[in-house]
Q: 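My questions all concern the structure below.
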Number of protein chains: 2
Amino acid sequence: MRQERDLPTTSYAVLGLLTFGQELSGYELKQWADSTLRFYWTAPAMSQIYTELKRLAQRGLVLSREVGGGPGRTTTRYRVSAKGARELRRWLADSDPGFPLLKHPVALRLLLGHLLDPGQVRAMLEAYDQALAAQRRDLRAVLDGIDNDPAFEFPAHVARWGLSYYDSEEAALRQVLNALPEGSAAQSRAAQGTGQTGRSSGAGPTR
Amino acid sequence: MRQERDLPTTSYAVLGLLTFGQELSGYELKQWADSTLRFYWTAPAMSQIYTELKRLAQRGLVLSREVGGGPGRTTTRYRVSAKGARELRRWLADSDPGFPLLKHPVALRLLLGHLLDPGQVRAMLEAYDQALAAQRRDLRAVLDGIDNDPAFEFPAHVARWGLSYYDSEEAALRQVLNALPEGSAAQSRAAQGTGQTGRSSGAGPTR
DNA sequence: TGTAGCATGTAAGCCGTTACATGATTGA
DNA sequence: TCAATCATGTAACGGCTTACATGCTACA
């Protein structure tokens, strides 16, 4: 039982998707990933899904089966093997999840707000607000599709978690917008003046 | 007007850090990144900081200067050039921020909660709760270091945003814990009897 | 005297993406 | 018949990390 290093997390994520429902094709797996994983992990590219499936199959963690859909058409469907289920449980129990990693381009740009005029900052935040609402709708739809289905109890927990995250983002956004100097996003062009701040007081890294 | 493709976002992040305060060394930049960027972007490895600085210098976006600290010791300090400031503003104004990307290993594992026993799930969530509190303290300390300093108005906004995010995570976590079947994390071992895989009496580390 | 922090890099390699390539089936 | 969707892959490469390598300085 010499276990080499853990696979990348995304492998386990794909493997995990196969522990709900039945056999899935790479293509179907991608759809599932797009509608669930993408909200709190990533939506792997198609090509990566196929790569992962090949690797999982090679290690005996999934079993594949050719299914003929039409005359000249075959689809490869995958299901998790007993070994795969065991390995997944082992990984869940043994490995340290680590802290979430957030790549927030809007927060990053807000950090540099002193380089923009207030209107531009506002416009950016409002655009994010829109995107957030859209994303929230998508996730809401996902939850509606699985809520109350006992087979998807945990996915439903995660979806609700996600919704509460989006709500909090929305609230935080309002806070920032309120704290920002007035000036509508529309008059973004108005300011544009004076060169940079001269800067002074040190305040080094806090530690 | 996108002839030369944009640099990776992390380059702009590093460049952006140089628009506060004055000249910084690669080493100092790393400390800044660790205490600010890491909360909503990433804390780039040292080696990457140096790589970015080299690239930025090559394109004339930063200027470097050798500073002798002691006899045999020189430190290279960097400051943003006029061209760099222009390019940064251009990037901020022109490019689409895109939606935040969240890699949430705890949510991912919760999704697969049906593969674990309730105690294990609880234990994982409680460990995350701890980590969250620690992270929150760190960010709080950062905010305390810059709050009310007008030079860091925007970093302070971002820090407050981050704190509200951690608060919301905390709340969401409680929600999930309440919705989960009772059974304390401590009795994680108790439920183990049901038909599951071996690993009975704690001895064998499964890796 | 030794360790922690300051300071700077190179090399190898993993994870994952985009671009490219191919072809069948379904429905407007 | 044309486009969209289903379905599966390969190649190139970008971004970033880890591991390695080096050497000075302050301080306990």
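Lettering follows sequence order; numbering is per chain, from 1. Remember, it's a predicted structure, so these values are computed and weren't measured experimentally.
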Q: Any salt bridge between B/Arg77 and B/Glu66, counting N to O under 4.0 Å?
A: no
Q: When you check the gap from the basic side-chain N to the acidic O, do B/Asp117 and A/Arg89 get nearer than 4.0 Å?
A: no
Q: List in chain and number order the residues that pass ring pair (Phe, Tyr, Trp, His ring centres under 6.0 Å) with A/Trp91, two or more places apart in sequence or in another chain; answer none if no residue qualifies.
A: A/Tyr12
Q: Reckon A/Thr10 touches a base, only the sugar-phosphate, or nothing at all at heavy-atom distances under 4.0 Å?
A: sugar-phosphate
Q: Round to a whole Å and report the spacing from CD of A/Glu52 to P of D/dG9.
A: 14 Å
Q: Return each pair, listed once, that meets ring-ring contact (aromatic ring centres under 6.0 Å, His included) where at least one residue sits in residues 99-132 of chain B; pairs must be two or more places apart or across chains.
A: A/Phe20-B/His114, A/Phe99-B/Tyr128, A/Tyr128-B/Phe99, A/Trp161-B/His104, B/His104-B/Tyr128
Q: Atom CG of B/Leu7 to atom P of D/dC16: distance rounded to whole Å?
A: 11 Å
Q: Under 4.0 Å between any heavy atoms, over every strand shown, what does B/Thr42 touch: base, sugar-phosphate, or nothing? Just pick one.
A: nothing
Q: Closer than 4.0 angstrom, basic N to acidic O: yes or no for B/Asp138 and B/Arg38?
A: yes
Q: Going by atom types only, do B/Glu52 and B/Gln48 share a side-chain donor-acceptor pair under 3.5 Å?
A: yes
Q: Can you check the B/Glu66 CD to C/dG9 C1' distance for me, whole Å?
A: 13 Å
Q: Would you kindly give the CZ-to-P distance between B/Arg55 and C/dT8, to the nearest whole Å?
A: 18 Å
Q: Counting any heavy atom closer than 4.0 Å, what does B/Thr76 reach on the DNA or RNA strands: base, sugar-phosphate only, or nothing?
A: sugar-phosphate
Q: Between C/dT17 atom P and A/Trp41 atom CH2, what is the distance in whole Å?
A: 12 Å
Q: Tabulate protein N/O versus nucleotide N/O from nucleotides 18-21 of chain D, keeping only pairs under 3.5 Å, one per line.
A:
residue, atom, partner, partner atom, Å
D/dT18, O4, B/Ser47, OG, 3.0

Q: Apply side-chain contact (heavy atoms from CB on, under 4.5 Å) to A/Lys30 and list each qualifying residue two or more places apart in sequence or on a separate chain.
A: A/Asp34, A/Ala43, A/Met46, A/Ile49
Q: Rounding to 10 degrees, work out the angle separating the end axes of the helix from C/dT1-D/dA28 to C/dA28-D/dT1 (five pairs an end).
A: 30°
Q: For residues 27-39 of chain A, which residues have at least one heavy atom under 4.0 Å from DNA chain D?
A: A/Tyr27, A/Gln31
